[in-house]
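For reference, the structure discussed in these notes is given below.
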Amino acid sequence: TKTGIALLYDEGSENAYDIQLKLTKEVLTIQKQDVICVSGSDHSTNHRTVTLHRQPVGGLGLSIKGGAEHKVPVVISKIFKDKAADQTGMLFIGDALLQVNGINVESATHEEVVHLLRNAGDEVTITVQYLREAPSFLKLPLGSPGPSSDHSSGASSPLFDSGLHLNGNTTNTAPSSPSSPIANEPKYEKRWLDTLSVPLSMARISRYKAGTDKLRSNAFEVLALDGVSTGILQFYTAQESADWLRALATNISDLTLQNMKMANKCCSLSDQVIHMGWVNERLEGTDSSQLYKYKFLALKGSSFYIFSTPPVSTLDWIRAEKIYHLCEVLFKVHKLWLADDCWLQANLYLGIHQDYAFEDQRPYCFSVMVGHGKSHSFNVELGSELVAWEKSFQRAIFLEVQRTGSKTYMCSWQGVALCFTVDFALGFTCFDSKTKNVLWRFKFSQLKGSSDDGKTKVKLLFQNIDTKQIEMKELEFQDLTAVLHCIHSFIAAKVASLDPVFIDSQSIARKYMYSN
């Protein structure tokens with residue numbers, strides 16, 4: 001369990017409120033402070049009426065902040081230990097003043113309330129209600145009572161403590177009786193109370209303003225599967241924000257792994273879920289302000305799935321927005337980070353280059369190229385997620401190649417119908433579609449290069465083992481992109497089966513993460 005103090009930011013009012021976060025393996029709980037009755041009879045749980053006896057030294061024993069001029073109530077900002085307000089046991093930092101000696105002050109300015117309290121006589125009756133969402137600009141301490149050594153008594157200001165611990169205007173110089181709680185009166189305590197619980201199973205995190213490239217500073221939002229949102233969680237430092245982001249992402253990832261294991265119990269060995277999770281897909285060709293949309297991706301069996309919402313039942317798998325054959329897609333890391341110095345480091349040590357045609361302004365971007373020259377552009381929130389997707393795509397494709405063994409495509413050359421087979425054991429074979437006669441066959445190691453027209457035609461360059469001469473084979477396919485991706489998948493899987501360390505060494509995302 002992880003707990004910590006944060007701010008809940010209200011984008012409408014642009015105010016932030018103190019909250020406490022409590023994280024368990026399955027739930028993120030948001031807690032807000034409130035004053036509750038813990039013993040005695042409590043006729044009004046919301047309002048408390050308290051009588052203070054002004055003391056010759058220490059006055060009412062409290063300070064206030066706020067006022068109508070700032071569109072916030074006047075609240076108690078300090079309570080001085082062992083003074084009048086503290087002795088009642090019924091007043092707390094964060095209490096909003098509603099009435100003073102029967103006079104409503106809910107719409108009063110700061111100066112009006114200060115004047116009223118200082119001139120209210122020796123016995124002052126106030127009605128209060130705890131302000132659960134005190135704007136952070138009031139800078140109220142989360143503890144109570146406050147420090148006992150404040151002697152501010154100068155000009156009052158709604159954003160600064162106005163001390164009411166001096167005598168004020170009073171004609172009675174005799175010591176006042178202490179403002180102590182009566183035996184049968186209710187007893188109150190300030191506590192953190194649960195206000196919202198967000199289940200983390202299939203939840204998603206966003207550090208960006210919805211659908212845009214605008215990164216929130218030290219803040220993010222957690223959204224549950226059913227759409228319930230935590231609101232914008234804001235942290236005091238970048239380190240706190242990063243720590244909470246990692247902790248939440250880890251718990252969500254662990255729960256996703258549990259869901260995968262449950263789903264795989266109902267699936268055959270050839271149809272297992274390898275990886276799944278939330279991403280943002282960049283919307284192409286849109287003039288609206290919505291640049292991104294949440295998508296849920298899954299690698300399962302022989303297919304790559306794109307969903308608008310996570311699959312929670314067996315039937316959901318056939319309702320995916322898009323389904324692609326894993327052998328015919330190509331995964332590509334586009335961005336690891338935005339900073340120029342990071343890209344310089346990546347260029348020098350990893351041998352990669354920033355794709356300036358790729359317009360995504362977010363870090364941790366990848367694309368999945370599919371058939372007919374089309375592609376999907378995605379990004380994730382953390383570098384560790386990018387590493388996981390790169391590794392998972394690689395593993396899922398290799399497993400599918402080994403299971404499939406071979407793929408055959410219809411093709412032609414100079415009007416003759418042919419078949420082209422990519423085989424994990426044999427390499428490349430071309431044969432007549434009618435007679436089945438083999439026209440040529442080459443191993444993977446004999447492929448020395450290729451070129452294509454970007455449409456349907458490709459030239460494959462093979463080296464003859466005996467003559468060492470290069471032989472060019474030209475073919476035409478209906479979906480050339482799918483065939484080229486398939487060739488890439490089979491060759492990569494072949495290399496991985498012979499030298500797994502080499503494949504790991506080619507991981508751009510993992511190299512970058514470890515180097516940083």
Side-chain angles (χ1 to χ4, degrees), residues 1-9 18-32 192-208 210 215-265 272-280 294-300 307 309-312 316 362-364 366 378-392 395 509-510 513-514 516:
T1 301
K2 178 181 173 70
T3 59
I5 302 298
L7 295 170
L8 185 62
Y9 180 71
D18 286 309
I19 57 169
Q20 180 167 271
L21 298 177
K22 185 171 69 175
L23 176 65
T24 63
K25 288 183 178 181
E26 297 182 348
V27 176
L28 175 65
T29 302
I30 293 177
Q31 299 177 316
K32 294 180 182 178
W192 288 105
L193 301 180
D194 295 354
T195 57
L196 179 67
S197 293
V198 178
L200 298 178
S201 179
M202 300 292 191
R204 62 185 187 265
I205 303 172
S206 177
R207 296 183 295 155
Y208 295 84
L215 180 69
R216 294 187 176 102
S217 178
N218 301 340
F220 57 82
E221 179 181 14
V222 183
L223 297 105
L225 178 60
D226 60 3
V228 172
S229 168
T230 56
I232 311 304
L233 305 178
Q234 201 166 49
F235 297 85
Y236 291 99
T237 67
Q239 186 61 53
E240 283 181 325
S241 177
D243 289 345
W244 274 97
L245 190 65
R246 279 193 292 267
L248 281 160
T250 298
N251 287 17
I252 291 171
S253 177
D254 290 345
L255 290 170
T256 301
L257 190 59
Q258 287 182 22
N259 289 328
M260 284 167 48
K261 288 179 178 178
M262 290 293 292
N264 285 338
K265 287 181 179 180
Q272 297 282 294
V273 180
I274 302 297
H275 191 62
M276 60 184 186
W278 286 102
V279 299
N280 287 287
Y294 285 114
K295 297 291 180 182
F296 192 86
L297 308 185
L299 304 174
K300 181 176 183 285
F307 297 93
T309 57
V312 292
D316 288 342
R362 299 186 180 191
Y364 313 130
F366 66 91
F378 304 107
N379 65 74
V380 287
E381 297 289 332
L382 298 171
S384 57
E385 293 177 314
L386 181 60
V387 171
W389 278 112
E390 183 185 33
K391 185 177 180 180
S392 298
R395 179 169 172 243
R510 270 175 281 175
M513 292 300 293
Y514 295 149
N516 282 272

Is the shortest heavy-atom distance from the side chain of [X] to the side chain of [Y] under 4.5 Å?
{"X": "E381", "Y": "N280", "answer": "yes"}
{"X": "F220", "Y": "L248", "answer": "yes"}
{"X": "Y236", "Y": "L7", "answer": "yes"}
{"X": "T309", "Y": "D316", "answer": "no"}
{"X": "M276", "Y": "T256", "answer": "yes"}
{"X": "F235", "Y": "D243", "answer": "no"}
{"X": "V380", "Y": "L297", "answer": "no"}

At their closest point, which heavy atom of [X] faces which heavy atom of [Y], and how far apart are they?
{"X": "V222", "Y": "I205", "value": "CG2-CG1, 4.5 Å"}
{"X": "L196", "Y": "S229", "value": "CD2-O, 3.4 Å"}
{"X": "L255", "Y": "K25", "value": "CD1-O, 3.4 Å"}
{"X": "Y364", "Y": "R207", "value": "CE1-NH2, 4.2 Å"}
{"X": "I232", "Y": "A219", "value": "CG2-CB, 4.0 Å"}
{"X": "A224", "Y": "A203", "value": "CA-CB, 4.2 Å"}

Nearest 0.5 angstrom please: [X] [atom1] to [Y] [atom2], how far?
{"X": "F307", "Y": "K295", "atom1": "CZ", "atom2": "NZ", "answer": "11.5 Å"}
{"X": "Q31", "Y": "L8", "atom1": "CD", "atom2": "CG", "answer": "13.0 Å"}
{"X": "Q20", "Y": "L193", "atom1": "CD", "atom2": "CG", "answer": "10.5 Å"}
{"X": "T250", "Y": "L200", "atom1": "OG1", "atom2": "CG", "answer": "11.0 Å"}
{"X": "I19", "Y": "T195", "atom1": "CD1", "atom2": "OG1", "answer": "7.5 Å"}
{"X": "E385", "Y": "S392", "atom1": "CD", "atom2": "OG", "answer": "11.5 Å"}

Evaluate F366 against V279 for side-chain contact (heavy atoms from CB on, under 4.5 Å), listing each step before the verdict.
CA-CA 10 Å; F366 66 91; V279 299; 4.2 Å; yes
Using a distance-only test with no angle check, is there a side-chain donor-acceptor pair under 3.5 angstrom linking Q258 and D254?
no
More than 12 foreign heavy atoms under 6.0 Å from NZ of K261: is that the case here?
no
Quick check against the 3.5 Å criterion: does [X] have a side-chain atom that pairs as donor or acceptor with the backbone of [Y]?
{"X": "T29", "Y": "D194", "result": "no"}
{"X": "D18", "Y": "I5", "result": "no"}
{"X": "S253", "Y": "A249", "result": "no"}
{"X": "S206", "Y": "E221", "result": "no"}
{"X": "N264", "Y": "V273", "result": "yes"}

Given side-chain contact (heavy atoms from CB on, under 4.5 Å), test L225 with F296 step by step and report yes or no.
CA-CA 11 Å; L225 178 60; F296 192 86; over 6 Å; no
Set out, in order, the CA-CA distance, both residues' side-chain angles and the distance that settles side-chain contact (heavy atoms from CB on, under 4.5 Å) for W244 and L21, then state yes or no.
CA-CA 10 Å; W244 274 97; L21 298 177; 3.6 Å; yes
Assess the residue pair Y294 and L223 against the criterion (side-chain contact (heavy atoms from CB on, under 4.5 Å)); give the C-alpha distance rounded to whole Å, side-chain angles, the decisive distance to 0.1 Å, and a yes or no.
CA-CA 11 Å; Y294 285 114; L223 297 105; 3.9 Å; yes
